[in-house]
Each structure stands twice: as structure tokens, then as C-alpha cells.
Amino acid sequence: MASLPSVAVTRTLKLDPDFRKHPTVEKSKHLISEKSDTDPFGWKFRNKVGGLPRSTFNDERGDEPQIAIQIFQEMLEAGAYPTNYTLGTALNACSSLYSVMLGKQFHAYIIKYQIDFDTSVGNALCSFYSKLGNLESAIKAFQRIREKNVISWTAVISACGDNGEAARGLRFFAEMLTEDIIPNEFTLTSVLSLCCTMLSLGVGAQIHSLTIKLGYMSSLPIKNSIMYLYLKCGCISEAEKLFDKMETFSLVTWNAMISGHSQMMDFAEDDLSAYRSGCEALNIFFKLNQSGMKPDLFTFSSILTACSRLVAVEQGEQIHAQIIKSGFLSEVVVGTALINMYNKCGSIEKATKAFVEMDTRTMILWTSMITGFSQHGQSQQALQLFEDMRLAGVRPNQITFVGVLSACSHAGMVKEALSYFEMMQKVYKIKPVMDHFACLIDMFVRLGQLNEAFDFIKKNDFEPNEFIWSLLMAGCRSHGNLELGFYAAEQLLKLKPKDTETYVLVLNMYLSAGRWKDVSRVRKIMKEEKLKKLHDWSWISIKNKVYSFKPNDKSHFHSADIYKLLENLLDQVKSLGYESLETLEVTNGDEEKTYSSTAYHSEKLAIAFALLNTPNAAPIRIIKSIFMCRDCHNFVKFISLLTAREIVIRDSKRLHKFVNGHCSCGEFSCLF
DNA sequence: CTAGGGTTAG
């Protein structure tokens with residue numbers, strides 16, 4: 001180990017007196033015992049217990065990095081020399097405080113004494129910059145280390161992973177191997193985590209055999225990481241094999257299982273298995289509770305996300321109660337997941353209540369709430385909240401602006417949308433991405449301003465993606481501008497989308513225009529691309545039991561009653577002005593059963609079932625595997641008016657909350 | 001001085 005040059009260091013590291021006012025320190029106030037102006041670092045507390053609280057020296061919650069820094073300063077004032085190890089520990093305290101300013105002072109000190117080549121100091125600098133989100137500086141710190149050890153390599157690899165550059169992390173790992181450095185358990189768990197984010201089962205399996213070769217398979221973190229990798233890559237049986245073989249569990253094991261199943265919902269082969277994955281996440285969560293182990297913030301945020309995907313608000317509410325009891329409600333990630341759960345289940349009121357009660361508001365929390373208002377069609381509230389966020393001094397990101405722009409689009413606020421679009425680029429230096437363009441195109445399309453939409457594309461010089469072309473095509477179709485519609489359809493086909501729903505849209509447009517040649521051409525492409533068939537499924541959960549419906553489903557016990565009620569409802573809503581769109585549309589892309597009457601789409605059956613089996617005023621919540629067709633959307637609006645029920649349907653594209661004959665989506669579905 | 005599990009999007 002390199003030692004420090006013997007230079008008098010007294011008072012060379014002068015802490016900025018204002019450092020306590022740094023917002024991150026402000027946020028950590030609760031960590032400081034009996035804070036007062038004359039005793040900002042809790043000296044009284046230290047004196048009372050006759051020494052430092054134990055937690056100062058470990059990594060658990062409740063450690064007090066301010067005290068560590070204060071002692072470091074005291075040490076310098078006393079004329080003692082820090083060792084390279086002391087400096088590393090002090091830098092760690094800076095990381096815990098997320099204090100850029102303080103850390104940079106340490107860095108300046110390190111540069112002054114020319115010890116950045118030292119292994120321990122360099123390692124600490126690398127992870128400090130990584131935690132602040134400054135990957136380039138972290139890599140520079142790593143590169144200046146003269147003798148890089150396994151810790152240095154692990155630090156730089158996980159720095160890449162933590163800052164969204166997993167592939168770069170893998171390249172460092174490869175380089176490490178060529179330098180003949182043997183990875184340890186820490187390195188391999190980091191590398192496995194990279195494979196998880198990249199969903200790279202190939203590399204992951206190689207790492208798996210490497211861990212066996214190196215004899216690390218007894219390590220619990222290693223086992224957890226491998227199990228999680230298989231889960232995330234969809235190899236459930238492999239993951240379960242490992243899980244069953246494990247004699248010891250940690251909470252991380254449970255959490256990996258829960259979040260693995262929850263995330264699998266997004267990658268599942270078909271919608272039914274996605275739904276089952278979500279239910280499995282809930283089952284594992286219940287088993288965890290029975291095991292006597294206490295869930296933590298990771299558990300709660302994963303399970304709430306599973307609930308939101310399942311639109312399982314009853315289960316979500318029970319978990320909410322458990323969170324209150326266990327004291328995790330103040331954790332901002334849990335709060336964010338909770339707000340998101342209520343939003344996705346159509347309960348904007350409960351989401352708002354949870355938001356108001358949060359005392360820490362991160363950018364993601366603000367963004368979730370803004371997006372929630374936007375998805376519920378409450379554009380004014382979304383924009384007001386965005387202004388509040390700016391006033392609170394929180395910097396919005398790309399996703400925040402997706403929420404803001406979609407709020408404008410929803411309300412047809414062209415002027416405001418364009419001004420926020422400009423603000424995003426000029427004030428916040430955020431480059432627009434496809435989602436931002438999509439919001440603006442969506443706005444023009446909803447207003448029927450198709451030429452403006454095409455002009456916008458030309459003016460902004462970008463290549464629209466599948467989603468935007470399908471918006472344009474659908475808009476052209478519903479506003480009767482067939483020429484532009486055909487053009488958009490051709491652009492769409494050129495992109496060869498992998499999404500069956502998109503082809504169904506194209507097919508329907510050609511069908512309704514009677515362009516049979518194009519119809520068969522599109523069908524041929526669909527066959528060539530070997531696209532999955534679409535299945536129109538709806539699910540509803542009543543009293544903890546799940547019922548699923550497919551179109552024209554007659555398999556249910558109450559089938560006759562369901563159809564009788566549906567006929568009856570049809571008659572009633574017709575008298576209220578509902579006209580069924582009798583056009584037969586392609587709903588599944590299946591050669592055999594190309595046409596299916598809209599009259600018995602799955603959500604209609606699910607609603608009839610819910611009306612028969614739930615109390616009079618109870619809201620109805622349905623999850624649907626594909627997007628709602630125009631006819632169903634219109635029908636459900638009338639049903640909500642007729643029955644005075646709140647009906648929430650989450651389809652594959654967005655949230656629809658029907659109240660008194662209106663839908664929160666702002667007639668988005670009428671395009672399709 | 002280095003690890004495994006978590007939150008926002010059309």
C-alpha cells in the first residue's frame with residue numbers, strides 16, 4: 001500500500017461552512033440527533049453515550065456520515081495524518097451524503113498530495129463518482145490507479161451497471177480477465193447483475209459456469225443473482241430449481257423471486273401467462289409473510305408494482321395497510337410504487353392522498369403523480385403539479401415531460417404543448433425522444449389536424465417510429481383522410497413492426513376501404529413475420545377470485561345469465577343513443593376466424609358478469625389483453641351512465657376510467 | 001476501498 005507523503009496537512013481540508021445547507025444534507029436532517037445551530041453534528045449525543053454510535057461504522061441505515069466527516073476534520077485539526085484507508089472511508093461518507101461539493105474537496109485534497117494513484121483511494125473515488133451518477137469521472141479515477149486490484153475492477157464494473165451502461169461494464173470485465181485478475185464473489189454478482197439488465201442469458205450462463213469453476217456456488221449473493229438472472233430471462237424452471245435447492249434464504253432471495261415474477265409479466269409469451277406470473281408474485285409474497293421474515297422496502301415496491309399490473313386494488317390496499325404498520329410508508333420508493341399502484345388501478349383520489357402525505361418528494365415521485373393526472377385526463381392538475389415541482393426546485397427529466405406533454409395533448413392545448421416542448425430543450429437541455437414527438441403527434445391527430453401533424457414531422461426532422469405511424473394512420477382513418485392514411489400505412493409496413501396489434505390496424509384500414517389486394521398483401525407479411533396471434537382476454541377479480549373471459553365465451557357457469565343481461569343492456573343503451581358499430585373487424589389476425597362480432601368482445605362479457613356478481617355501487621375493474629375497439633369503448637361509456645358504476649379498464653395501450661358516460665382517455669380509442 | 005433485490009413513460 002502506498003502511504004501518504006509526510007506533509008503537514010493541518011487545516012488544508014477546510015470544510016465549507018455552508019455545507020450543512022446543501023439540500024441533500026437538509027434531507028438527512030433526521031439523521032442528526034438533537035440538531036441545533038451550535039451543535040449541528042450531534043456532539044451532545046456523542047458525549048452522552050461516551051463515544052460514537054456504533055452505526056457510524058457500519059453500512060446499515062441510520063449511520064451518520066456527517067459525524068464521520070466532522071471527525072475527519074477534527075483529526076486534521078489535531079495534526080494527525082490520514083492514511084489512504086481513512087480517506088476512502090471519508091469519501092464513503094460523502095457518497096452517503098450525496099454531497100458533490102464535499103467529495104470534490106476531498107478529491108482536491110487527494111490531488112494536492114498526489115495520491116490518486118493509490119489503490120484504496122482510487123477505489124473509493126471511483127465508487128464515489130459512480131454514486132453521484134458521474135460515470136466518466138468514476139472511470140477516470142479507476143484509470144489513474146497504478147496497481148488495480150480486484151476491488152478496483154469490481155468498483156468500475158458496478159459503476160457502469162449503476163449508471164445504465166451495462167455493456168461497458170461487461171467490456172471492463174473482459175479486460176480484467178485478460179489482465180489475469182481473478183474475479184471474486186463481489187465481481188461476479190456485479191457482472192451477473194449486468195447480465196440481468198441486458199437480459200443476456202448467454203453471457204449469464206457463462207458466468208454461472210465460471211462461478212462453479214471458481215467454487216463460489218456456496219455464496220448466497222451469488223445464488224440470488226443467478227436465480228434472479230434466470231427469472232428475468234424467463235427461465236422459470238431453472239430459477240425454481242435453484243430456489244428449491246437453497247437451504248438458506250435471505251430476504252434478497254424472496255425479493256428476487258417476487259420482483260422476478262412481477263417483471264416477467266412484461267416478457268411473458270402470452271397474456272394469460274403474464275397474468276399468472278403476477279398472481280405467482282402475490283403468492284410468494286404471502287408465503288414470505290407466513291415465513292415470519294419481515295418484508296422491506298424492496299419487497300413492498302415490487303409487490304405493489306405487481307398489483308398495479310394486475311389492477312389488483314384490493315390486494316394493493318391490504319398491502320398498503322401492512323406498509324403503514326411496518327413503518328415503510330415514508331420510504332420514497334415505496335410511496336412511489338403505492339401512488340403508481342393507485343394510479344394504474346384508476347384510483348386517482350387515493351394516489352393523490354398518498355402523494356400529499358409523502359414528506360420526501362423525489363423527481364420520480366412528482367413524475368408519477370403528474371403522469372397519473374395525465375392518464376386520468378386531469379390535464380390542469382397535471383400541469384399545476386408540474387409548476388409546483390419546478391417551484392420546489394426539483395429538476396424534471398425526460399419522462400416528466402412525457403407526462404406534461406401528454407396532459408397537453410389530452411386537453412388539446414397546442415400552444416402550451418409547444419411551449420413546454422421548447423422549455424424542455426432550452427431551459428432543461430433535454431433532447432426530445434420519440435415519446436415526446438408521439439405526444440405532440442397524438443395531440444394534432446386528436447384535433448383532426450393531420451396536416452399539422454405531418455408538418456411537425458417535417459419541421460422537426462425525425463423518423464417516426466411504429467407507434468407514431470400507427471397514430472397517424474388511425475387518425476387519418478377516423479377523420480376520413482384516406483390518402484394520408486395509406487401513406488402512413490405504407491411507412492408502417494416498411495418498418496416491419498413486431499407488434500400484431502399494429503398489423504391489425506393496417507388490415508382494418510384496408511378492409512374498411514375495400515382494398516382487398518392490400519388486405520391479402522398485409523396478411524402475407526403477417527404470416528412471413530410469424531407474428532403471435534392476438535387473444536382478446538379480459539380478467540376481473542372478485543373477492544380474491546379471478547375470472548377470465550374470451551370473446552363469445554360460453555364456458556362460464558352463469559353464461560346464460562351473462563348473455564341475457566347483455567342483450568337487455570344493449571336494448572337499454574340503444575334507447576339512450578348508443579349505435580353499435582356493426583362493421584366487422586379483424587380482432588386477432590387469425591386466418592380461420594378473421595372476423596368476430598364486436599357484440600361479444602371479452603370486456604362486455606366481463607362487465608355483465610361483474611354487474612351480476614358485485615354490489616350495486618361497486619366499481620368494476622377489468623384488465624384487457626389487447627386495446628379496446630371503438631364499439632366497446634362507446635358501449636362501456638353508455639353502460640357507466642346507465643348503471644351509475646365506475647368502470648376501469650386497463651387495456652394494452654392505456655387506462656380507461658368510465659364515469660357517467662365519459663372516459664378519462666379523452667377518446668383516444670375512438671381513433672382505432 | 002468492491003456485491004445480490006426496488007420506483008416514473010406513448
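Each chain gets a letter, A, B and so on, in the order the sequences are listed, and its residues count up from 1.
- Residue Lys344(A) places at least one side-chain N or O closer than 4.0 Å to OP1 or OP2 of dA9(B).
- Look at Asn92(A) and you'll find a side-chain N or O under 4.0 angstrom from OP1 or OP2 of dC1(B).
- Salt-bridge annotation for Glu357(A) and Lys353(A): present, with a side-chain N of the basic residue lying under 4.0 Å from a carboxylate O of the acidic one.
- The aromatic ring centroids of Phe128(A) and Phe106(A) lie 6.0 Å or more from each other.
- With dG5(B), dG4(B), dT7(B) as the choices, the nucleotide that has an atom nearest any side-chain atom of Ser225(A) turns out to be dG4(B).
- Candidate nucleotides dA9(B), dG4(B), dT7(B) were compared by shortest atom distance to the side chain of Asp435(A), and dA9(B) ranks first.
- Atoms CD1 (Ile441(A)) and P (dA9(B)) sit 22 Å apart, rounded to a whole Å.
- Donor-acceptor pairing under 3.5 Å, judged by distance alone, is present between the side chain of Thr189(A) and the base of dA3(B).
- Contact of Asp296(A) with dG5(B) (side chain to base): a donor-acceptor pair of N or O atoms is detected under 3.5 Å.
- Between Gln263(A) and the phosphate of dG5(B), there is no side-chain N or O to OP1/OP2 separation shorter than 4.0 Å.
- Counting only distance, with no hydrogens or angles, the side chain of Ser664(A) and the backbone of Lys657(A) share a donor-acceptor pair below 3.5 Å.
- Among the nucleotides dT7(B), dC1(B), dG5(B), the one closest to the side chain of Thr89(A) is dC1(B).
- The backbone N or O of Tyr428(A) sits less than 3.5 Å from a side-chain atom of Arg395(A), completing a donor-acceptor pair.
- Distance from the side chain of Asn184(A) is smallest to dT2(B) among dT2(B), dC1(B), dG4(B).
- For Ser193(A), counting side-chain heavy atoms from C-beta on, the closest listed nucleotide (dG4(B), dT7(B), dA9(B)) is dG4(B).
- Computed from coordinates, the Lys223(A) NZ to dG4(B) P distance equals 18 Å when rounded to whole Å.
- Rounded to an integer number of Å, the gap from CE of Met369(A) to C1' of dT8(B) is 13 Å.
- For Ile399(A), taking side-chain heavy atoms from C-beta onward, the closest of the listed nucleotides dG10(B), dT2(B), dT8(B) is dT8(B).
- No contact: Glu466(A) has no heavy atom under 4.0 Å from any strand.
- As rounded to whole Å, 17 Å separates atom P of dT8(B) from atom NE2 of His436(A).
- Distances from the side chain of Val252(A) to the nucleotides dG5(B), dC1(B), dG10(B) place dG5(B) closest.
- Going from atom CG of Leu655(A) over to atom P of dA9(B) covers 12 Å, rounded to whole Å.
- In the model, Asn149(A) has a side-chain atom that pairs as donor or acceptor with a side-chain atom of Ser152(A) under 3.5 Å.
- Residue Tyr228(A) has no polar side-chain atom (N or O) positioned under 4.0 Å from OP1 or OP2 of dG4(B).
- Per the geometry, CZ belonging to Phe243(A) stands 13 Å off C1' belonging to dG5(B), to the nearest Å.
- Of the candidate nucleotides dT7(B), dG10(B), dT2(B), dT7(B) has the atom lying nearest to any side-chain atom of Asn340(A).
- Which of dG5(B), dC1(B), dA3(B) sits closest to the side chain of Phe186(A) comes down to dA3(B).
- In this entry the distance linking CZ of Phe128(A) with C1' of dT2(B) reads 17 Å, nearest Å.
- As judged by a 4.0 angstrom heavy-atom cut-off over every strand, Leu220(A) is placed among the base-contacting residues.
- For Arg361(A) and dT7(B), the CZ to C1' distance is 16 Å, given to the nearest whole Å.
- Across all strands, Lys148(A) comes closer than 4.0 Å to no nucleic acid atom at all (heavy-atom distances).
- Ring pair Phe462(A)/Phe456(A) is perpendicular by interplanar angle, where above 60° counts as perpendicular and below 30° as parallel.
- Considering only side-chain atoms of Thr305(A), the nucleotide from dG10(B), dT8(B), dC1(B) that sits closest is dT8(B).
- Under the 6.0 Å distance and 45° angle rule, Arg144(A) does not count as a cation-pi partner of Phe117(A).
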